[in-house]
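Each remark here refers to the structure printed beneath this line.
Residues take their numbers from the sequence shown, with the count starting at 1.
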Amino acid sequence: MDNLFLPFSFNGLKTNNRIAMAPMTRARSNENDVITDLAPLYYSQRASAGLIITEGVPVSKEARGYSMTPGIYTEEQIEGWKKVTEAVHEKEGKIFVQLWHVGRRATKGTTKGTTPLAPSAVKISDKVYGPLQDGTLGMVETDVPKAMTLEDIERTKQNFVQAAKNAIKAGFDGVEIHGAHGYLFDQFMRTDVNQRTDDYGGSIKNRIRFTIETVEKVIEAIGADKVAIRLSPFVSEAPELDSQMPETVIALLKELNEHRLAFVHLSENVATFKPVPTSFRERVKEVYQNPIMVCGQLTKEVASELIEKKYADLVAFGRPFIVNPDLVERMKYNYPLTEVSTDNAQTFYGGGAKGYTNYSNYN
């Protein structure tokens with residue numbers, strides 16, 4: 001088990017251990033979509049993680065799919081995040097921000113009046129947390145999206161570039177581009193959503209083009225050692241998995257290998273998913289020689305085995321970090337864990353300190 005607690009180093013990124021805190025939406029922001037004053041405490045309480053990846057942070061107004069999610073596209077938002085990075089760095093932690101565009105998983109209410117964007121005008125039957133007609137917040141059916149024009153695609157790439165620059169200005173150690181879980185980049189890769197006939201649709205090469213071009217522009221802006229991407233080839237927003245997704249992600253990894261990213265983050269075992277076969281992990285090792293992070297309902301034992309077999313260099317835990325701010329110490333010394341329950345899950349989204357900063361370390 002000790003391999004979880006060994007330092008990690010690659011191309012400028014150094015962590016004290018192999019355990020990352022996974023990105024988790026907490027739906028806590030102030031007016032103007034600024035992170036709350038509780039956020040520096042929340043993140044710094046968990047700074048013993050080798051690396052923290054923040055909640056998904058929209059790169060623009062039109063990228064937003066859920067109300068109460070803090071952005072990183074205004075000076076006020078950047079100043080809010082500065083307090084977070086300073087608090088984490090004071091505890092000698094490392095922190096990446098997850099840059100987010102939800103694509104079609106939105107309504108005009110969450111995008112401040114803009115029709116949601118997607119590779120094609122294909123609606124998803126889903127509800128998102130947004131403004132209701134009476135002025136309160138609740139679950140709202142998504143709108144039919146607009147098929148992105150080439151101008152929309154170029155503007156979105158630049159939004160990610162600017163958000164990455166804003167992240168460095170805010171003091172983050174790097175950025176993770178959210179390319180998983182049925183959001184914009186994932187939508188471009190999936191055959192059921194992407195019905196384009198131009199250079200961004202059809203073949204696998206075309207369906208990964210938008211992702212590659214965005215990653216390359218972000219690398220040019222802040223450096224590959226500060227850029228990561230999250231992918232979820234075995235997770236689907238549809239009842240059935242797109243059978244081409246594993247092969248599509250392998251093709252993407254082949255293209256990304258030369259860039260020496262900080263890491264590629266593979267998200268597994270959430271929503272509608274299929275177990276990841278060993279054959280896929282072996283293929284990843286063959287085509288991608290740079291760091292891999294794996295996340296998805298992991299136990300300490302499974303996480304250690306992934307590292308032992310060199311299927312992962314880093315492992316990420318989500319909800320256990322919410323209820324155990326000292327998760328690394330508890331795992332290292334075999335202290336009992338606070339379990340995720342129906343009761344404490346009710347405070348995961350929205351609210352104030354309760355369920356956010358009031359969890360204590362093991363005594």
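For Arg207 and Gln244, the side-chain atoms include at least one donor-acceptor pair closer than 3.5 Å. Donor-acceptor pairing under 3.5 Å is recorded for the side chains of Ser48 and Glu329. Under the 3.5 Å distance criterion, with hydrogens and angles disregarded, no donor-acceptor pair is assigned to the side chains of Ser341 and Asp343. A donor-acceptor contact under 3.5 angstrom links the side chains of Arg26 and Tyr42, judged on distance only.
The shortest non-hydrogen separation linking Pro23 to Arg230 is CG-NH1, 3.6 Å. The heavy-atom pair separating Val227 from Leu261 by the smallest distance is O-CB, 3.4 Å.
A salt bridge is defined here as a Lys NZ or Arg NE, NH1 or NH2 lying under 4.0 Å from an Asp or Glu carboxylate O, and Asp198 with Arg196 meets this definition. Between Lys217 and Glu220, none of the side-chain N atoms (NZ, or NE/NH1/NH2) sits under 4.0 Å from a carboxylate O, so this pair counts as no salt bridge. By the 4.0 Å N-to-carboxylate-O rule, Glu286 lies too far from Arg281 to be salt-bridged with it. A salt bridge does not link Glu268 with Lys274: every distance from a Lys NZ or Arg NE/NH1/NH2 to an Asp or Glu carboxylate oxygen is 4.0 Å or more.
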#### Entry: Test side-chain contact (heavy atoms from CB on, under 4.5 Å) applied to Thr211 and Ile229, step by step
CA-CA 10 Å; Thr211 303; Ile229 187 169; 3.5 Å; yes
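Between Trp100 and Tyr66, the distance separating the two ring centers is shorter than 6.0 angstrom.
Classified by interplanar angle (parallel below 30°, tilted 30° to 60°, perpendicular above 60°), the ring pair His178/Tyr183 is perpendicular.
Asn344 has its side chain within reach of Tyr359: a pair of non-hydrogen atoms, C-beta onward, lies under 4.5 Å apart.
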Would you tabulate the side-chain donor-acceptor contacts of residues 104-119 under 3.5 Å, counting partners in other chains and residues two or more places apart, or write 'none'?
unit_1	atom_1	unit_2	atom_2	d
Arg104	NH1	Val122	O	2.8
Arg104	NH1	Lys123	O	3.4
Arg104	NH2	Glu237	OE2	2.9
Arg105	NE	Asp126	OD2	3.4
Arg105	NH1	His181	O	3.0
Arg105	NH2	Asp126	OD2	2.8
Thr107	OG1	Gly109	N	3.1
Thr107	OG1	Thr110	N	3.3
Thr110	OG1	Arg64	O	3.4
Thr110	OG1	Thr107	N	3.2
Thr110	OG1	Thr107	O	3.0
Thr111	OG1	Thr107	O	3.2
Thr111	OG1	Thr114	N	3.4
Thr111	OG1	Thr114	O	2.4

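Considering Phe263, Phe172, Trp81 as possible partners of Phe96, the one that fulfils the ring-ring contact (aromatic ring centres under 6.0 Å, His included) test is Phe263.
Residues that satisfy the ring pair (Phe, Tyr, Trp, His ring centres under 6.0 Å) test with Tyr43, not counting sequence neighbours, are absent from this structure.
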